[in-house]
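Keep in mind that the numbers below use all heavy atoms, side chains included, and drop hydrogens, waters and symmetry copies. Remember, it's a predicted structure, so these values are computed and weren't measured experimentally.
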Amino acid sequence: MALRKQGLSHIFRKSATTLTALHLVVFLLSFKPTTVCEARVVRSTTEEVESYNKYYNYVDLTRILTTLAHKYSHISNLSTIGRSVQGRELWVMRITKDPTVDGPGKPKLKYVGNMHGDETVSRQVLVYLIEHLLTLYGEDPRVTDLVDNTDMYIMPSMNPDGFEKSVEGDCLGEHGGRENANSIDLNRSFPDQFDTINVKEGDIPEVTAVIKWILDNKFVLSGNLHGGTVVASYPFDDSASHDTVGHYSKSSDDALFRYLAQTYADHNPVMRTGEPKCPDDPTETFKGGITNGAKWYDVSGGMQDYNYLKGNCLEITMELSCCKHPPAARLRTEWDNNREALLAYMEQVHIGVRGYVREAENRTVLSDVRIAVAGINHNVTTGPFGDYYRLLLPGTYNITASLTGFQPMAVAGVQVVEGKATELNFTLAAMREESTTPNAPYTPTAAPTSSRGSSETPGSNASSVSVAPAATPPAPPLPVQPQEFRHHHYNDMELFLRRYNTEYPHITRLYSIGRSVQNRDLYVMEISDHPGEHEQGEPEFKYIGNMHGNEVVGREVLLNLIEYLCRNYGSDPEVTQLINTTRIHIMPSMNPDGYELGQEGDVKGYLGRNNSNNFDLNRNFPDQFASIPDPQQPETIAVMNWLRQYPFVLSANLHGGSLVVNYPFDDNARGIKAYSKSPDDAVFKMVSLAYAQGNPVMHKGIPCPHLYPGEFFKDGITNGAGWYSVPGGMQDWNYLYTNCFEVTIELGCEKYPFAKDLPMYWEQNRRALLQFIHQVHRGVKGMVMDSKDGTGISNATITVTEVDHPVTTSKGGDYWRLLVPGTYQLTASARGYTPVSVYASVPEEGVEVVDFRLTRVRSEEGTGANGSPPTQDPTEEEFQHFIKELSSERGLEDLLKSTAPHSSFRYRPYIELSEFLRGLTYNFPKITHLQSLGQSVEYRTIWALEISNKPDEQEPDEPKIRFVGGIHGNAPVGTELLLEFAAFLCINYGKSPAVTKLINKTRIVILPLVNPDGRELAQEKHCSSSVGMTNAHRKDLDTDFFGNASQRFVDVQPETEAVMKLIQTKGFTLSVALDGGSLLATYPYNKPVQPVENEDTLKYLASVYANNHPTMHLGRPGCPNSQVEDIPGGVLRAAEWHSHMGSMKDFSVDFGHCPEITVYTSCCLFPAADQLSRLWEDNRKSLISMLVEVHKGVRGVVKDKSGRPIVGAMIVLNGGVRVFTSEGGYFHALLAPGSHNIEAVAEGYQQQRQEVFVSSYEAASSILIEFDMDNRVFGLPREFVVATAAASMTALVITACIIWCVCAAKSTQQKDGFHRLRQHRDDYDDEIRLTSMGSKKSLLSHEFQDDSESEEDTLYANKL
C-alpha cells in the first residue's frame, strides 16, 4: 500500500524478532535446506479443517505447508528460494501435475504475498488458495484443469520477519512490520528503469532471492498481493519525471495490463465497484477498480515493473483490503472476496499465442529465441525446451521469431481469439554464409496451417498454426514506410531523435559525440538489439549525413531510415536480421550550424556548406599527400575521437550535388584529377556497386544531365581523385587511420531540394541504404585469442598477404576484414606473441569466420639467468586472467553492475569528513587504517585512509596507488568523490568478487582533503571563486612542492610537508589527484620547460582515465571562458594547461619516482550538491580503472645467485626513468603499451639488461633478475688483471734485488760522506722550522691553487 497513506515522515523500524523456541529449531533442522517435499512431518492424524479465523505465524505456516506438501506430493512440492534477514525461509509451494519434473508445455504463473509484512490478508489468502487447489484436485474440473496445464508457484510470505513484528488489528501500519528486519521497504528495492535504487544488496536478501527466482524461471504471469485499499494496479509504477501523482506511465503492453487488472477486479465484489471506502481516505475512487501505478502515485524500485522489464513476466499488484492487518475474524470474508478473482486471473496465463521453436535441419528445440510482435515494443523469449508464451488480446498480429545465427521468420495475420491460446510453432533455418548479405529484401518462407495441436510438440489445448519452409509461401507483410516528410531544423531533429529513442528504448540509444562551433550537439542514434554494448563478433556500421550544411538530403533520408528501422523491427525479417546482427550508428547531421544557414530550393549554392568558422569540414582531416593548413574544427575533432572509440568496419558519408558513389582515394601526390588507387580498390568497388545498384537512377551513371551535361559514371560509381582531387577528405582518413572503410555518396543533383521532393529521395535510396548495411557482413571475421586462456587479444594485427592494408582487433579481440570473394593468406600478429598464418576462402556471399590462437613468446614471460621461465603461482595466474577480464570491452561495466548502489551525496565539512573516515575504520576494521599525516595551519588533521586486506602489514610485492583530493579548498568535488570511492570499496568488499580481489591485491591510500582550511572558506555554487583555493597562509599548495631548498623562497607549508613525507616514504606506483575547473586529465610536468622523459607512459595513464569517462575523452569541456576547448582525447601536458613551478605531480615524479596525473572533474569548482551524484556516475568507472591499471606495466624481483633479494637496486627504464627495489627486492613500474628496455644496476654486481613487452589489457608478468658478482677490475677480466699483477710483482722483486746488490757494494765508500752530513744536522732542522713558521699564508695559498672544489664545498653550495 502507498507510503502516502502513512505520511511522508514514515519511519523505518528494525525488527528485533528472534526465533528462540527449542522445538522450532529442532523442527526446522529436520528439513533439507532447499526442499521439504519429502519431509516426514505431517498434520495430526485427525484431519484439521481450515477455520479461516486465525493468522499463521512462521512456525504455523511452515507446519501447514510441509504437511500439505507431504500429503499431496503428486501435485505439490515445497521449496525455499532463500532466507530473510533473520533467517526465515522464503517458502514457495509449486502446484502442478508431476511437480518435481521440469518440462515443456505448461506456462509458469506465480503469486507473491505479504511483501509488506504488516499487509497480512495476502499471506492468509494464498495459504487458503494452496489448500483449495490441492484438496479439490480431481474433484473440481476447473481446478483440475488448472493444475494439469499450469505450472503454479505460490509464495505466501516474501517478508516473514515483518509479519512477526506486525500487530493484529493495526489497519494503518502504525506498529511496524512493513519493512524487512533491516527497515527497508522491499517494494522500493528492485532495479528501476527511471531511477537509481540506493540499497545495499546485503540488506535485502529477500529481494535478491526473488530477483534470482524471476531470472531463473520464465514466468508468464504474476500477481503481487498487498493491502491498504482495494484496487488492481498495473505498470508502470513510476515515470522519468517522477511526478508524485497523476502521471500515467504507459507500458508497451498497456492494453493487456488493463485487461488483466480488470479481470481480477471484475471478480472481486468490492474491487469492481471502484469505491473501496477505506476509513483513512473514504473519497478515493478507482474507475473499474483498476489504476495505472504511476498515475496513482509514483513508486521507484517496484517489483511489478522489474518482472515486466527483466523477465518474460507480466505482473500486476492487487490491494486486497482497506485494513492492512485486520482482525482474524475478517479472514473468511477476505477469502470469499478474492477466491474467484484469484482463479480467474490464473486462467489468463493461457491466452494469446504459444508454441515451440525448432531448428530446421535436426528438429532440435531452440532456447532464447526472441518472439517479437509487430507494433508492441516488448519481446519474450523461448525457454530451455524451446517453448514460449506470449499473452495477447484477441486480434490479428504479425509475429517474428529470431535468433542470432538463424534466419528470422515472420508470420503475418496470426489470429488470436478469446479463450485458449493460438499455437504458433516456428522452424528456423541456420544462417548460411550466402544469406547474410542478401541482394534483395529477405522474404520468409512460412505457411500457416490450421491443424489443431501438433504431433511434434506437447500441448493440445490451443488452436494451432505451424510454421515451416514451404514451396509456395504467402506474401510477406509490407514494411511500414515513413509517414512524414519535411525538413528538420535542429530543434525539430533533436525532438525527433529523442522521440524514437523513448518509443524504442530496447533497440535505440541516443548519444552525442561532441558539439559544433555554435554548441549544438552532434547526435548519433545507435540501433541494435543490445544498444550501448559492443557484442563480440558483431560489426559496427555508421552513416554520416549533412557534412556540408546545405546538402540536406542525407540528413532527411537518415531520419527516415531511423524511423523505418524502428517501426519494422520484429515484423520485417530483413530489418530484424540487420538490427540483431549489426550495431548501426546514424549521425543525421555533422554540420548542424551550416544547415541553419542553408535555404530551401538551393540547387548548387554554397551558403551553409561550411561550418560556423567558415571551414569546409571535408577538407579538414589529416591527409596522406597534402599538408592541411586550416585548424582542425570541433566537428572534425569530435568525429576523429568517435572513430577512435568504436571499432567501425564500414561507413558512408552522405552528400548532395550529384548522383554517384565516390570511393578512395580522394587525392594523389600530384594533386591532380587522376585515378588514385587504394590497396583495397576491389573492396571499395564492391561496396560502392552494392549501393549504386540499389538506387534505380544512380546505377545508370548519368547523374545530372540538366546541370552537368556529358558527365558519366560507369555503373554509378567513381574513384574520388578520378573525379576531382579532394585533399583533407574524411573518407580517406577513415581508411588510413582506422579500421573503417568509408565511401562518399552523392544522393541527388539538388543540394537543398523542396520538401515536396523528399518522398522521392527516400523511395530512390531506401533499398540502397539497407543494401549497403548488408556489405558489412562480407569478407572474413573472427577472434584473435591467447592460446593459453582463450581471452581476446586487443590491438592484434590482421594482415592479408595480397593487400597492403592491415586491420587491428578491438578491445575484446574480435576483428572484421572486408574482402572480395577469393582465397587469401591471413596473418595474425601481436606484440609478445608468435604470428600465425592461415589460408581462408571468402565466399561469394556472406562472411568467412577465421579465429586465431596465438602463443605467447616465452621470453616475454620473464626469465632468470639460466633462461628458464619462473614458475607462476596458480593464484597469480588467476589474478592475471582477472585483470584481463576487467580490461575487456565490458569488464568494468560488469564490475559496476555487481556492486551495491551509491549513497546519497552532500558536501561534508571538515568535522563530518573526519567522522566519516573514522566511521569507515569502525565498520571495516579489517581492511582500513586511518593515519594522520600532519596538521594544517589552523591545526586541522590531514587524513590518509589506507584500504587493503592487510592494512597493518607491509606487502612490498603489491602495487600502491594514491588518490588525492582537495589540494585547492575551493574545488571540493574531488574530496566528495574520494569519500564515496572509499565507501564504495569498503561496502563492496566481500560482496563483489571483483572489488574484493582488487583490494586483496592492492594497497590503496586515499587523501581526501589536503587543504582543510581552504575548504572551510569555500562556498557552494561558486563556480569560479578563488575563495578557499589557498591555505590559511594564502599559499596555493600546488605551487609549494619543491625538492631543493635552493628553489624555495619561503618556508614549506605544513600541509605540503605532510604530503611530501608521504610521497617520499611510501613507494607508490601511481597517483591520481582530483581537482576542478575544467573537464580533462593532465600529466607532468607543470614546469614550463621541463623535458618529459616518460611522456608516453604519463600520457597513456591520463588517457585511460579520460577514456573511461563518458565525456572527458571527447576533448570538449564546454566550460565558460575556457582557454582551451579542443583537447585531443581529453588529455594535455600540465604545462599546456597551467604552467607553474612547485606542483605536486612534478614532485611525485622527481622525488617520489611515482607517475601522477591530475584530473579536473567539472567545469564548476564548487557545483551544487545535487550534481554530485551525476559526477560520481561519470567518474566511478575511471577511478576503478586506475585500480586495474596499477597492476600493469612491468614488475619483478631482483636477487643474487644465492637467491638473496637485493634492496636498493636501480631499475632504469628506457635509459631514463629510475625506480628502486624495495624490501624483498621487489619493483613495479608503469609503462605505456609496447616494448621497453630495462636495466638493473647494483653496486658490486654486473649490470643486467632485458627487453619487456607491456600490454594495455594484461597484468604485469613478474620477471626475475638475477645478478652475478662483478668479476671485473678496472673494466678488465679478473684473471687477466691477476696474471698481469703477478708478473709485475716478480719483475719488481728481481729489480729490487739487483739494486740492493749494487748499493751494498758501494756502502763502504759512502760512510765518510754520511758522517760529515750529520755534523750539520742541528743547523738544518732550525732552518726548516723557521721557514714553516714564517709562511703559513703562503702554504695555504699553495694548497688551494687547485681549481676543483672539494666534496664538502660542493655539498655546502647545493644546500644554499
Side-chain angles (χ1 to χ4, degrees), residues 240 482 484 486-528 531-533 540-567 579 582-598 608 611-612 617-618 633-646 648 651-655 730 734 740 742 769 773 1079 1109-1118 1125-1126 1178:
E484 297 182 12
R486 65 178 183 276
H487 288 295
H488 294 75
H489 286 267
Y490 177 76
N491 291 325
D492 191 7
M493 181 186 73
E494 183 180 43
L495 289 171
F496 176 95
L497 295 172
R498 290 172 59 188
R499 169 189 164 195
Y500 275 89
N501 178 228
T502 302
E503 289 185 6
Y504 299 91
H506 301 299
I507 59 169
T508 65
R509 178 175 70 104
L510 182 61
Y511 65 99
S512 171
I513 67 165
R515 291 177 179 268
S516 66
V517 174
Q518 294 182 347
N519 216 32
R520 292 182 174 93
D521 276 302
L522 304 177
Y523 281 117
V524 176
M525 179 73 90
E526 177 191 339
I527 303 178
S528 167
E533 178 182 347
E540 309 235 0
F541 174 93
K542 65 180 169 73
Y543 272 131
I544 296 179
N546 200 209
M547 185 183 199
H548 290 147
N550 66 331
E551 298 172 11
V552 304
V553 173
R555 177 182 177 121
E556 298 307 326
V557 298
L558 289 182
L559 294 177
N560 296 150
L561 180 62
I562 290 170
E563 180 180 355
Y564 181 86
L565 293 174
C566 289
R567 289 190 180 277
I579 293 176
T582 321
R583 191 180 184 193
I584 304 166
H585 303 254
I586 300 175
M587 178 192 285
S589 180
M590 182 179 166
N591 185 2
D593 297 352
Y595 177 89
E596 299 301 315
L597 298 175
N611 75 344
S612 289
L617 299 180
N618 207 32
Q633 297 303 291
E635 298 90 346
T636 307
I637 293 170
V639 168
M640 292 169 67
N641 288 335
W642 183 37
L643 266 72
R644 294 185 182 107
Q645 187 179 3
Y646 293 87
F648 291 114
S651 171
N653 177 15
L654 307 187
H655 284 247
M730 183 166 69
N734 270 261
C740 188
E742 180 172 281
L769 289 166
I773 299 175
L1079 193 65
H1109 190 283
T1111 56
M1112 188 180 294
H1113 67 276
L1114 300 176
R1116 297 276 291 169
E1125 264 304 295
D1126 296 327
D1178 287 350

_Which residues share a ring pair (Phe, Tyr, Trp, His ring centres under 6.0 Å) with His506, sequence neighbours left out_ = none

Are any non-hydrogen side-chain atoms of [X] and [Y] less than 4.5 angstrom apart?
{"X": "Leu565", "Y": "Leu561", "result": "yes"}
{"X": "Arg515", "Y": "Asp521", "result": "yes"}
{"X": "Met730", "Y": "Met590", "result": "yes"}
{"X": "Tyr543", "Y": "Leu769", "result": "yes"}
{"X": "Val553", "Y": "Leu654", "result": "no"}
{"X": "Pro634", "Y": "Arg1116", "result": "yes"}
{"X": "Ile584", "Y": "Ser528", "result": "no"}
{"X": "Val517", "Y": "Gln633", "result": "yes"}

_Polar contact flag, side-chain donor to acceptor under 3.5 angstrom, Arg498-Asn501_ = no

*asked:* Phe496 vs Tyr523, test: side chain to side chain contact (heavy atoms under 4.5 Å, CB included). Steps then yes/no.
replied: CA-CA 11 Å; Phe496 176 95; Tyr523 281 117; over 6 Å; no

Out of curiosity, [X] [atom1] to [Y] [atom2], how far, rounded to the nearest 0.5 Å?
{"X": "Asn546", "Y": "Met493", "atom1": "CG", "atom2": "CE", "answer": "8.0 Å"}
{"X": "Gln518", "Y": "Asn611", "atom1": "CD", "atom2": "CG", "answer": "9.0 Å"}
{"X": "Ile586", "Y": "Leu558", "atom1": "CD1", "atom2": "CG", "answer": "6.0 Å"}
{"X": "Glu596", "Y": "Asn550", "atom1": "CD", "atom2": "CG", "answer": "13.0 Å"}
{"X": "Glu540", "Y": "Thr582", "atom1": "CD", "atom2": "OG1", "answer": "10.0 Å"}

_Tell me whether His1109 contacts the main-chain N or O of Thr1111 through its side chain, where contact means a donor paired with an acceptor under 3.5 Å._
yes

*Should Ile513 and Asn641 be marked as a side chain to side chain contact (heavy atoms under 4.5 Å, CB included) after you check the CA-CA gap, both sets of side-chain angles, and the distance that decides it?*
CA-CA 8 Å; Ile513 67 165; Asn641 288 335; over 6 Å; no

*Could you tell me whether Glu494 and Arg520 have a side-chain N and a carboxylate O separated by less than 4.0 Å?*
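Result for this pair is no, no salt bridge flagged.
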
*Evaluate side chain to side chain contact (heavy atoms under 4.5 Å, CB included) for Tyr646 paired with Val524, printing each intermediate quantity in order.*
CA-CA 13 Å; Tyr646 293 87; Val524 176; over 6 Å; no

